[in-house]
Amino acid sequence: MPSELKIVNGRVYDPANDIDGTVKDLCVKDGKIVDSVSKSASRINAHGMVVMPGAIDIHCHIAGPKVNLGRKLMPEDHRLDVHPKTAVTRSGTGGIIPSTFATGYRYATMGYTTAMEAAVPPITARHVLEELDDTPVVDKGFYVLLGNNAFLYKLLKEGRKKEFKEAIAWWVNSVHAYTVKLVNTGSDELWKGRKNANITDVNERIDHYDITPSFVTESFIEAAHELGLPHPPHIHCNNLGHSGNISTTLDTMKAAQGRRAHMAHIQFHSFGGEMNKNPVSGAREIIDYINDHENITTDVGQVMFGKAMAMTADAPLAWMLRNVKIDKWVNADTECESGCGVLPFSYQESIYTHTLQWAMGLELFLMSKDPWRVLLSTDHPNGGSFMNYPKLIRLLMDSAYRREALQHINQKAVAKTVLPELEREYTLNEIAIITRAGPARALGLKNKGHLGVGADADITIYTEDEDREQMFNAPRYVIKDGTIVIKDHEFATDHKGKLLHSKPGYNEDIATEIEPFFEDYYSVKFSNYAISEDYLHEHEEVPTNPKS
Amino acid sequence: MKVMRIKKTEITDTFAEAFGMWGARVVITADTKQWARAAAASMTGFATSVIRCKLEAAVECEVPPEATPDRRPGVSVLLFTMSSKTIAGQLIDRIGQCVMTCPTTAAYNGLESEKTVSVGGKLRFFGDGYQISKLIDGRRMWRIPIMEGEFLVEESFGIRPAVGGGNLILLGTSQRIALRAATAATNAMREVAGVFLPFPQGVVGSGSKVGSRYKSMIASTNDRYCPTLRSIAGQKTLPANVAAGYEIVVDGLNEYVVKEAMRRGIHAAADKGTLIVTAGNYGGELGKYKFYLHDILN
Amino acid sequence: MPEAAKPKESKNIRIVKDATCTFCGCVCDDMELTVDLDAHRITKAKRACVLGRAWFYEHTLEDRPVVLIDGKEATLDEGLDEAARILVDAKFPITYGLSDCPCEAQRVAVDIMDTINGNIDTTTSVCHGPSGMAFQGVGESTATLGEIKNRADLVIYWGGNPAESHPRHFTRYAVTPKGMFIPNGKKDRTVVLVDVRKTPSTPVADIFMRVKPGKDFELLWALRALVKGKKISENIEEQTGVSREVLDDLVERMKNCQYGVLFMGMGLTMTRGRHFNSGAIYSLASDLNEFTHFVAKPVRGHGNVTGADNVVSWQTGYPFGVNFNRGYPRFNPGEFTTSDVLARGEADAAMIVASDPASNFPKKAIEHLEKIPVISMDVKETHTTRLSRVRFAVATYGINTGGTVYRMDDVPISLRPAFDSPFPTDQEVLEGIRQRVKKMLSGSKARVAA
Amino acid sequence: MSATLLHLHTQPQVPLEAETLSPATIAGLSELGIEHLQVMHGNVKAKVGDFFKVTGKGTPDIHIEGDLAKVKMIGACMSEGRVIIEGNVGMHVGIGMSGGEILVKGDATDWVGPEMSGGRITVLGDAGHMVGSAFRGQSTGITGGEIFIHGSAKNEIGNSMRRGLIAIGGDAGDFTAVSMRAGTIIVMGKMGVRTGAGMVRGTVVCFEESQILPSFEYSCRYQPLFLRLYLIRLQEHGFEEKINDKHINGNYERYSGDAVELNRGEILLFSG
Amino acid sequence: MILVPGRSQKQGTSLNKGKLKDEYLEVTTTAELNEQDMRRLKLSNGDKIRLKSDIGQTVVTCISKKEEDLPSGMIFIPYGPSSSQLMGSDTAASGMPMSKHMQVEVTKVKS
């Protein structure tokens, strides 16, 4: 494979460098964007095509034990969507939870070159690393679940914030995570210890620990800030899916006290109305707050009609959904660290709540004032497969298409939203922001999401098409690390992406604090828990920016 | 005016005026012929004329066990209404009240048609949630748990456009002779598949005309044929030697079966000494069908 | 009971702390091994159970040729060439075993089968494969073993004999250990055992329920009905051997415990009912979550059978019995599972990794295995290696090699090898075959989807 | 139109996947066209002609001769026409069929008619496991159609079936009607154990005595009228020797269940 | 009688020595019967018995177990080549041959 490449005559969308549809050439050498290349460089004539950085999924569930449980759970779904091998790529199965190979290839076929697995219990991180290594093409990282960690709770209960911060850093380093993830903070203890109960308020005391979810969240945000993690705590708020959860969501955002925080799949946390009654849209209140607070980034977690799968560390939520329709249900408790629920789901146009959620997601997008901070996701597979992204992009770019879609859905729900009044259409530049430049900035990935000199040569080239779904569904070329992986819509070669992780600095003495806890309450030895760096395959450390 | 006679019976050159209706056929089966008949009798009660009964219905024929869906003795009942909208309600009411309540019975659709109405599909709610549906060779049956076991009723019944109001008026020299002739005529007419005679034993003793001097009445006595009114009403149409008349109303699934029944009826009536066979009409203004008696006989 | 060989006077001793025992699915990672590096053997395995000690002490370096082809000694390269040739020539090649090797090797094995459009299956299919199928039907409420140690106050074992098959299951994870909310260990727990016979596990139980052989499903189904407050037939004792009073008592205990667990053994999966027996356990545990917190777990056998499930699942979407004949994975137990494809005489070549189907498969399957070219990899001689066309003697995972294994509760653990082996690892042999197979099928010869 | 005749001239060495042997595929093709249709012989692409001699143009009426025990998926996805198999047949016969008719004159093995929604499969010999059953993980089995096995069949007949009629002239294995959603299964011989486990709705009829799960409850002995309709239909389709007047007119013991589910299913055992 | 093959500790430890070694072979050819059944069949510890199923047969050594430990009508044997000889290959579309609860006929082998 030649290491030099020149892409000429393409219309380039590179919002991070203020390039909005300018026709210009791009030079690639040794996997990076460079100023110029030699004459012998191979060329792609991108005349009439749209060139963007490779897209980045800031929040998805693609690897690890819960994903694999979801995979194992659905042979009937795989059967209907096989992923045949080609001369250069491995085979697999698709459906709502594709096999690892199919996941990587399918992301690539949509122009995605980076994807972040959003919830990993640390004890299972080896599993995640192995699966990610088998997820081709894309670069990837993961967020480690620490928001219900028994040892960290113990430190907080004892008021030892310094050790708390050190321990977080130890954990991130030990498992090679990208940042920390908080899910329904405080709920695990109630779920496992109080016969499947759940936290209902951010100011409720968590059993045995005498701390509140709000305090835990605030402490994490503070610690992450001091450690200078490239991406702030990635937060799945309490009360997901419950009517009236906007107050919880607003309280959680306020707990950030102006520090950076990422609110995951915000659509699921934007329900107005009263608890245990039919929800209404609370999108306006939520997006107003986000618009006004630059410290907050979010991904929407759009729901798309059709097949989905609830896959979450929020076990009480999965239990709630299980009781709506009794079907296959998976619950998996992870000692001292996490809960987990997995079950098949489907969003239907005729159902009030499903339609409301669909509309709320679009409201959030369309009322967002800063595309850099309100990013595209479906919380794959929770709101629907990542394979829906092109369709979602069309919904954002094409108001006529949106109006048409509005005709066929539950009108009572539509009436509870302002969606029919929203005429906004996203531009290609804005799409490039919510799928590329924005996620890169939120993640602190300096070399991604843009096409400036020095950036990773992750590039997507689309044939212009009025039908934006078509266009984003099948890029003509996908270039990863300077290698043309997809050429004329076909795989030209296989490619392994790398792991992105951060290594916050910390005082190693904290290990002596953690070890006794392990001896008492874990089922694996402390010395066998941390993952040595030689376990990693291709990987890249993304620098931190410590504050102290 | 042509004069036509069969034996000594004069056939008036006139026509019976008939209407478009909607018909359905219900096959009732039961453990015994008696129970099937009982259900049919009940179901076809008060079903003489759409004028006040909302529908016309009668037993079409009895069905031998080997020809019923469940190989039990059966009775075929035809039910006609004026519109396709009202027939479902009548079927639901009558099967629900008269067949389901009758021991050992079941009710099957006897009419294949593209257009169907939901009957078992509504009656099933009597099962209060315990009903069970079964699909057998493309036909859906409902099993409704009842005190004696289960009542079985087909979900959908075919309906099709039909003919109602074919008729004969038989005039005789005495009431006894006229009735004997009418009885003979009805027996002959019932042999035709697809027709039924909605009045008691098929014979109408009080034929009617449309309209009345009273506003509340939509029909009133057919004074032209009332022997007692020969002098009072000054009717000239009734020959002097006519002492009594009967009307036979015939409904059928199509005009051919109605015609055929009328043809057989005329011959049978003629055999029994009827003086005149004529038919009722409204001048051809109201009905969709005209059955000319002379045509029928030719 | 195996005894460690008396340590010879050797100065070349190495202590390996927190080593992992891969003999059974417990995958205890707290072994302290004393290794005589001169003698190439482990002389002491602190904290190991009787099975673990046998595992560590008996896996020494045997004087065996690395490769035998048709019984004749050959070089590794010759063996790999011949193995690759057999696989590429076959129309229905199968791979089986894989539960006693690390995930790194398993991943290569799946790749080989993907490359040649073969059929891959693991020992799961004759172990807890039925539980996997049940999982696909109803899901599962489950937990890592540490959670059970920390919280479970009602522990039920059904159709298993851990005292003999998984000796430390009781002591390290589920019965005696103290945990976060179980400060007094066994005293804070009620242990129930359900089996058709008394076993060495029985004494640990507070309640022993003897079920009539082959009536587990009926008993579980009755329990489900009772948990849901439904009626069951009067003759339940006659049917199952367990009285109504005992059942009612158990139901009360299950509904009122704080955190309950149902462990199931192969007494359920290998008997009449198979996947439905496992499904009944899963469903019962799920049902109980209406009242309290309840989980269920199969007690898995081999050291890395759980890893095999995971690897095959993430690579193909299905946990075992996967067929690539058409260039993409397909799954159908009974159609693509090894015992079946052998017994029906379908497979025309077999690669057996770390498993011995020739001794534990049904007679008819073994007879077919004797007729086709077999490639085998094992640390010891077995009935299967004996009938193999190409046999590789390999190093022992966890003793001579590192790698990743998954404990029965899906917790991944890295291995700490004790001493080097001159034998290649499973992974190395498989890599060699993979390279050759890929080379033979490169370019226009590549097998693509059909 | 005369039938298309396929004669097996070469026995496959490994399973042959021949979903192309279906009216859905061959109708309208020439002899040569049919012989060139692709089949999978293990992992190798092969042609119909490698194994079958074809006589006649492709019609919706296909006769196949030979021992097809290793040939899978015959009659796949057919919606009309007829396939007659003069011998045994392999797995997945009639997979996904929505109409038409398959007649197997010998035995069938496992998975007769998976994902069927209409049409009829008749097997004059025995069948294996999973007759009219869901694949693993599926919550719905067949959604219509009729499967008539004149001999015996093994486990999991009608697993999760949603609609349709399955009749077994001989014995049935274990877990007949397991997780059944609705539909009707009639077994004229003996049934194995655990019939109707987890059934939601639907009917299982058996002419012999059977063990009943503890979660089923006896409700009555009666003459189910609807059953007459099924039995009469089956008599008309070749079961006249197995179904006598006593079965049509007789009493059945009704057990309702499964109590662990909706409790709307029934097992009807003939009792004279 | 019903044969229940299963794991035993000895089977597990001897397995590690090698499946072709005497110890493993001895362990996996020793069947347990309850005292009552032993008396009924006129067997004493160490006698050879033939187990016969629909599939095949094998000869093993028998030893007795107390009534309360092993119910009458059952035979326990550690998994191994002997139990395989008796095992049918029908997996009932599950992949799992019926490895426990096999119907077997027991006869004493005259030595």
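Residue numbering restarts at 1 for every chain, and letters A, B, ... go by the order of the sequence lines.
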Do side-chain atoms of [X] reach the backbone of [Y] as a donor and acceptor pair under 3.5 angstrom?
{"X": "C/S313", "Y": "A/N68", "result": "no"}
{"X": "C/D29", "Y": "A/V524", "result": "no"}
{"X": "C/K149", "Y": "A/D520", "result": "yes"}
{"X": "C/T142", "Y": "A/A332", "result": "no"}
{"X": "C/T144", "Y": "A/E335", "result": "yes"}
{"X": "C/H293", "Y": "A/G193", "result": "no"}

Under a 4.0 Å threshold between the charged nitrogen and the carboxylate oxygen, would A/D133 count as salt-bridged to C/R107?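 A salt bridge is present here (some side-chain N lies under 4.0 Å from a carboxylate O).
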Do A/L73 and C/E140 have side-chain heavy atoms sitting under 4.5 Å apart?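 The answer is no, as the side chains (C-beta and beyond) never meet within the 4.5 Å cut-off.
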Using a cut-off of under 4.5 Å for heavy-atom pairs, which of C/N117, C/V138, C/D114 has the most such pairs with chain A?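 Highest number of pairs under 4.5 Å: C/D114.
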When only pairs under 4.5 Å are counted, which of C/E104, C/K17, C/R172, C/E290 shares the most heavy-atom pairs with chain A?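 Maximum pair count with chain A is reached by C/E290.
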Nearest 0.5 Å please: distance from the [atom1] atom of [X] over to the [atom2] atom of [Y].
{"X": "A/T124", "Y": "C/Y406", "atom1": "OG1", "atom2": "OH", "result": "8.5 Å"}
{"X": "A/K192", "Y": "C/E147", "atom1": "NZ", "atom2": "CD", "result": "3.5 Å"}
{"X": "A/K72", "Y": "C/D309", "atom1": "NZ", "atom2": "CG", "result": "5.5 Å"}

Of the backbone (N, CA, C, O) and the side chain (C-beta and beyond), which part of [X] lies under 4.5 Å from a heavy atom of chain C, both, or neither?
{"X": "A/R322", "result": "side chain"}
{"X": "A/W191", "result": "both"}
{"X": "A/Y522", "result": "backbone"}
{"X": "A/Y529", "result": "neither"}
{"X": "A/P65", "result": "neither"}
{"X": "A/L343", "result": "neither"}
{"X": "A/T86", "result": "backbone"}
{"X": "A/C336", "result": "both"}
{"X": "A/A197", "result": "neither"}
{"X": "A/D134", "result": "both"}
{"X": "A/H83", "result": "backbone"}

Indicate, with yes or no, if the rings of A/H78 and C/F331 have centres closer together than 6.0 Å.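 Here the rings of C/F331 and A/H78 have centres that are no less than 6.0 Å from each other.
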Answer with yes or no whether the side chains of A/N528 and C/R416 bring together a donor and an acceptor at under 3.5 Å.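 The criterion, which ignores hydrogens and geometry beyond distance, is satisfied for A/N528 and C/R416.
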